[in-house]
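Shown next, in C-alpha cells, is the structure this report addresses.
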Amino acid sequence: MKNIFKTMLPILAMAACVWASCSDDKDDPTPGKPALPTIAVSEPALSADNAKAVVTVTPSEETEKWYWKCEPKGQSAAAYTAVTGKEEAKLEIPIDMDVTYTLTAYAENETGKSKEVSKEFTFKSEDVMTELVEFEVKNLSAFSMDVVVKKSAKCAKYVIGATPKGYMGTNLETGAEEYVEIYKEATFIENAETSLNPDESYPMQPYNWSDVSATFTERTLSRYALKDKDISESKGIILRSLDVDEIKMIIAVYALDAEGNSKVYTQEITIPEPEITGQVVVSIDVPKDKIKMRSFEATFTADANCSRIHVGQSSAGLIASGSKSFDNMTEEEICASIVRLGAEVPLAYTGAFSKEFASKDMEPNTSYIVYAIPIDKEGKIGKVVYKSVTTGTPVYDGTGEITSVTFPDQVTPEKLLVDISVSDNVEFVRVLWESGTGPGSLDLKTIMADEDSRNVHWHEYATADLPKLKTEDNNGGLYITSPGSTYYLRAVTVDKDGKLSEIIDLVAKANKGDNGIQTKAVEEVPSTTDWTGTGALTLSVEGTGSTDAGMYTADLKVTKGNGTKKVYMVKWADEAQPNGIEDFVKELAFFTDFDPDAEPTGAISIVLDESTSETTTTEEFMDEYSSYWGGYARIYVTLDNDGKLSIADWYIYGYGTMNNHN
C-alpha cells in the first residue's frame, strides 16, 4: 500500500502543475498580447424628454472595440453596434414606455472577447406623467377607432366616453339655423359619476371606467349597460351618421386622484368619410338549409388582418342611389353605397362566425342583399363583399292527410269542438280559425308555413293531442272569442319528414259547405231589475271651480224626495252623452244583478243611505263637455221604498243637469 502511494505522488504533482499552468494561461495574456478587456454598464435612466434611455458604458484600458444592442425582452433580432476605442460613452437609446428592454454589451481586443454585460429595464409612463391621464386616438375610420389611455401613478380611476359634439339645428324662436351643442361637460361629469356609483335600484352605467391603462374602442366608448354586464356588452357608439356631412366627436375622460379630486380631459376629432383603402379579404357563405321564408343565416370569414367587421342585410332598392337602379350600378358604386349603410357598431373579428338575419318585414321568395364591410387593424376599410339571397317559398309537398272531420255539438259558447282524424304518418296538425268574413283576405300559403304565425294565426297540435279538440275536458276544444259568429277553419298536417300537406277547409271536409260554421251564441238572461221606481231627489249645482292640477270641480248638492230609500251616484269617466246615460247605467253589472243589500264598488257609490237625507260633494272632472266627444258625468239613481230603481237626475260638467242645461 505504501509503495502504491509513493508511486502516485509524482503523478498527482504533475497533474497539479498542468492544472495550474492551464489556469494561468486562461487568465493571463499570451506573452506579447494584451489582457482580455472588461466592460461596465450603468443602470439605465430616462432622459428629460421621456423619449430615450440614457446609459453610460465604460470599456477597460485593454479594449480595442466594444459592441452593444438594445431590444425588447425576448427578442433577438437586433444587430450589435460596434464602437472603436476605449473611451467611456453615453448612449441615448429611443425606447417605448411600458416596454421591457434588454441592453447587452461586450468588449473585444486581439486576445479575445469579454464577458457580456446585460441590463434589463422598463420605464413606466404612469411614473413620469404630470397629468392624471393621457390618451391618444389611433386607427380612426368612418366606423371605428382605438383610444389608448395611459393612467399615471397619481390617478386612482377614470371614466371614458364619447359624445357627438353637436349638430346644425333650427332656432324655434328666430327660425335661423344655428349650431346646437350636444356635449356638455356638466352632463358628462354627472354621467361619469353615475358610471362609478350607479343607482342600486337600477344600476345603469352610461360609460365604462377603469383603474389601469387600457385601450377603448367604438364598442366600449359608450356603455349603457347594467352594472353586472361585461364590458363586451357595451352598447357602443355609431360614429357615422347618414344625415350629416361632417361629424365631430368629443372624447372625454373624467379622472380621479386618490383624494377624490377630479379633472376632465377632452379631445375633439372629426370622423372621416368612408374610404375603401384596406386589403382585408372576406367571404360570405349562405347555406341553403339556413334559408327560411323570413330569415337566413350567413357565415363570414375574413383573413388574419381583419380587426372589425360590419355585417348587415338590405334590399337592392335601398342600396341603389340616385336615378340608377341596382342592376345598372357599377361594382364601385354598389360598394360605396353599401359602406354608407353601415350605421351600426362593428363587430370585433376574432374568427369565422355566423349570424342570422330575421325580420317580420322580410317577405318569402324575395331577394335581399347580405354584405360585409371589413376593417383592418389600422382602421382601413377593406374590400366590401355582398351576396344576393332569396328567401324561401312555402312548399306543401307533405304526404300527411286529414282523413275525416266532424263537429260535435257545442256545450258552451266559448268552445268549438272538432274531431279530426289523420293518416299514420302525421306528426302534427296546424289549425287556423277566424271569425267574420273568414281568412280569404289572408295569405294562407305564407301564414300556414310561417313559424312567426304560430299561436298568432294558427295553433299546432301533436297527433296524440287531437282528441282534446273534441271535448272541453282538460281545457280542450277551440277557444271562441265571438260566440254566435261564423267561423272559418283551415288546417295542414306536418308529416314525419317535417313537410306540410296542402291546406284544407275543415268545414268543407266535414261536408258542412264552404261558408264556415255557425257557432253557439251566448244565451241572454233578461235583467230582473225593476226600473219603474218612484224615488225622487233634488240635484243642484252649488258652485264650480278648478284645482291646482288643472282639474275642474263642481259642488253637487243632493236632497232626498218622498218615497226614496237610498241614492246611488254613478261616475261616467269621459264619454258621457245625454242620450246614452240610460243605456250606460242599466247595463252596469251592479244594476243588472241588483241586490239592494249589496255594497257597490268602483264607479258606483251610495251618497245617501237610509239614515241621511241630504249631502254635498265636490266632484272633479278632466274636461268640459263636447258634443262630439261627450264629457264627465255624475248620475244619480234612487231606490224607492218598494225596492225599485229609477234614474232621477244627472250632471255633465260643461253641459248641466238633466232638466237644466245651463
*Under the 3.5 angstrom rule, does the side chain of Ser546 hit a backbone N or O of Tyr552 as a donor-acceptor pair?*
no
*For the pair Met168 and Val180, evaluate side-chain contact (heavy atoms from CB on, under 4.5 Å) and give the outcome as yes or no after the intermediate values.*
CA-CA 6 Å; Met168 289 303 297; Val180 180; over 6 Å; no
*Hey, are Glu233 and Lys227 close enough for a salt bridge, meaning a charged N less than 4.0 Å from a carboxylate O?*
no
_What I want to check is whether the side chains of Gln313 and Tyr386 have a donor and an acceptor closer together than 3.5 Å._
no
*Phe121 vs Tyr101 aromatic rings, parallel, tilted or perpendicular, using cut-offs 30° and 60°?*
parallel
_From Thr393 atom OG1 to Glu363 atom CD, the distance as rounded to the nearest 0.5 Å_ = 11.5 Å
*Is it true that a side-chain atom of Thr391 and a backbone atom of Thr366 form a donor plus acceptor pair closer than 3.5 Å?*
yes
*What do you reckon, is CD of Glu472 surrounded by more than 12 foreign heavy atoms closer than 6.0 Å?*
yes
*Short N-O contact, Lys150 and Glu134, less than 4.0 angstrom*: no
_Could you check whether any side-chain N or O of Thr617 sits under 3.5 Å from a backbone N or O of Glu619, counting only pairs where one atom can act as donor and the other as acceptor?_
no
*Count the heavy atoms of every other residue, nucleotide or ligand shown that sit under 6.0 Å from CG of Asp228, and state whether that count exceeds 12.*
yes
*Do Glu356 and Lys290 meet the salt-bridge criterion of a basic N to acidic O distance under 4.0 Å?*
no
*asked:* Looking at Lys151 and Asp211, is any side-chain nitrogen of the basic one under 4.0 Å from a carboxylate oxygen of the acidic one?
replied: no
_Lys571/Glu620 salt bridge by N-O under 4.0 Å criterion_ = no
*Can Tyr167 and Glu181 be counted as having a side-chain donor-acceptor contact under 3.5 angstrom?*
no
*With sequence neighbours excluded, what pairs up with Tyr368 under the ring pair (Phe, Tyr, Trp, His ring centres under 6.0 Å) test?*
none
*With rounding to the nearest 0.5 Å, note down the distance linking CD1 in Ile447 to CG in Asp452.*
11.0 Å
_As a quick check of understanding, evaluate side-chain hydrogen bond (donor to acceptor under 3.5 Å, both in side chains) for Ser354 and Thr299, giving each step before the final call._
CA-CA 4 Å; Ser354 297; Thr299 299; 2.8 Å; yes
_Heavy-atom check, side chain of Val264 versus side chain of Ile189, under 4.5 Å_ = yes
_In the structure I gave you, are the side-chain heavy atoms of Met204 and Pro198 within less than 4.5 Å of one another anywhere?_
no
*Would you check if the side chain of Asn139 reaches a backbone N or O of Lys377 as a donor-acceptor pair within less than 3.5 Å?*
yes
*Is it true that the side chains of Asn208 and Ser195 contain a donor and an acceptor less than 3.5 Å apart?*
no
*In this structure, are over 12 heavy atoms from other groups packed under 6.0 Å from Lys124 atom NZ?*
no
*Do the side chain of Ser125 and the main chain of Met97 share a donor and acceptor less than 3.5 angstrom apart?*
no
*Is any side-chain heavy atom of Pro374 less than 4.5 Å from a side-chain heavy atom of Val282?*
yes
*Does a side-chain heavy-atom distance below 4.5 Å link Ser283 with Asp285?*
no
_Could you walk me through whether Asp199 and Thr194 satisfy the side-chain contact (heavy atoms from CB on, under 4.5 Å) test, starting with their C-alpha distance in whole Å, then the side-chain angles of each, then the deciding distance to 0.1 Å, before giving a yes or no?_
CA-CA 7 Å; Asp199 187 337; Thr194 299; over 6 Å; no
*asked:* Rounded to the nearest 0.5 Å, what separates atom OG in Ser626 from atom OH in Tyr628?
replied: 9.0 Å
*How about Tyr653 and Phe621: are their ring centres within less than 6.0 Å of each other?*
yes
*If we only count heavy atoms from C-beta on, is the Thr215 to Val149 side-chain gap below 4.5 Å?*
no
*Does CG belonging to Asp289 count more than 12 external heavy atoms closer than 6.0 Å?*
yes
_Would you say NZ of Lys380 has more than 12 non-hydrogen atoms from neighbouring residues, nucleotides or ligands within 6.0 angstrom?_
no
*Atom pair OG/CG of Ser314 and Leu341 - distance to nearest 0.5 Å*: 5.0 Å
*With a 4.5 Å limit on heavy-atom distance, are the side chains of Glu451 and Arg294 in contact?*
no
_If you count every heavy atom of other residues, nucleotides or ligands that lies below 6.0 Å from Glu178 atom CD, does the total exceed 12?_
yes
_Centroid separation Tyr265 to Phe135 less than 6.0 Å_ = no
*Say you draw a straight line from NZ of Lys165 to CD1 of Ile269; how long is it, rounded to the nearest 0.5 Å?*
12.0 Å
*So, the side chain of His310 versus the backbone of Glu344: is there a donor-acceptor pair under 3.5 Å, distance only?*
yes
*Between Tyr207 and Phe188, ring centroids under 6.0 Å*: yes
*Under 3.5 Å side-chain donor-acceptor pair for Thr390 and Ser367*: yes
*For the ring pair Trp209 and Tyr158, is the centre-to-centre distance below 6.0 Å?*
no
*Going through the checks in order, is the salt bridge (charged side-chain N to carboxylate O under 4.0 Å, His left out) test met by Asp146 and Arg308?*
CA-CA 11 Å; Asp146 294 315; Arg308 301 167 173 88; 2.5 Å; yes
*Please walk me through it: do Glu460 and Val494 pass side-chain contact (heavy atoms from CB on, under 4.5 Å)?*
CA-CA 9 Å; Glu460 187 172 87; Val494 183; 3.9 Å; yes
*Is any side-chain heavy atom of Leu256 closer than 4.5 Å to a side-chain heavy atom of Leu196?*
yes
*Is it possible for you to check whether Lys355 lies under 6.0 Å from the centre of the six-membered ring of Phe353, through NZ or CZ, and within 45° of that ring's axis?*
no
_Distance-only donor-acceptor check, side chains Glu275 and Thr277, under 3.5 Å_ = no
*Kindly indicate whether the side chain of Phe326, heavy atoms from C-beta on, has any atom under 4.5 Å from the side chain of Ile334.*
yes
*Calculate, to the nearest 0.5 Å, the distance between atoms OG1 and CG belonging to Thr122 and Asp98 respectively.*
8.5 Å
*Can any side-chain N or O of Ser315 pair as donor or acceptor with the backbone N or O of Leu318 at less than 3.5 Å?*
yes
*Do any N or O atoms from the side chain of Asp96 and from the backbone of Val99 form a donor-acceptor pair under 3.5 angstrom?*
no
*Step-by-step salt bridge (charged side-chain N to carboxylate O under 4.0 Å, His left out) determination, Lys248 to Glu268*: CA-CA 7 Å; Lys248 293 185 181 295; Glu268 179 182 315; 3.8 Å; yes
_Flag, side chain of Asp376 to backbone of Asn305, donor-acceptor distance under 3.5 Å_ = no
*Step through the shown structure and confirm whether more than 12 heavy atoms of other residues, nucleotides or ligands are within 6.0 Å of NZ on Lys73.*
no
*asked:* Between Ser337 and Cys335 (side chain of the first, backbone of the second, donor and acceptor by atom type, cut-off under 3.5 Å), is there such a pair?
replied: no
*Assess whether atom NZ of Lys119 is packed by more than 12 heavy atoms of other residues, nucleotides or ligands within 6.0 Å.*
yes
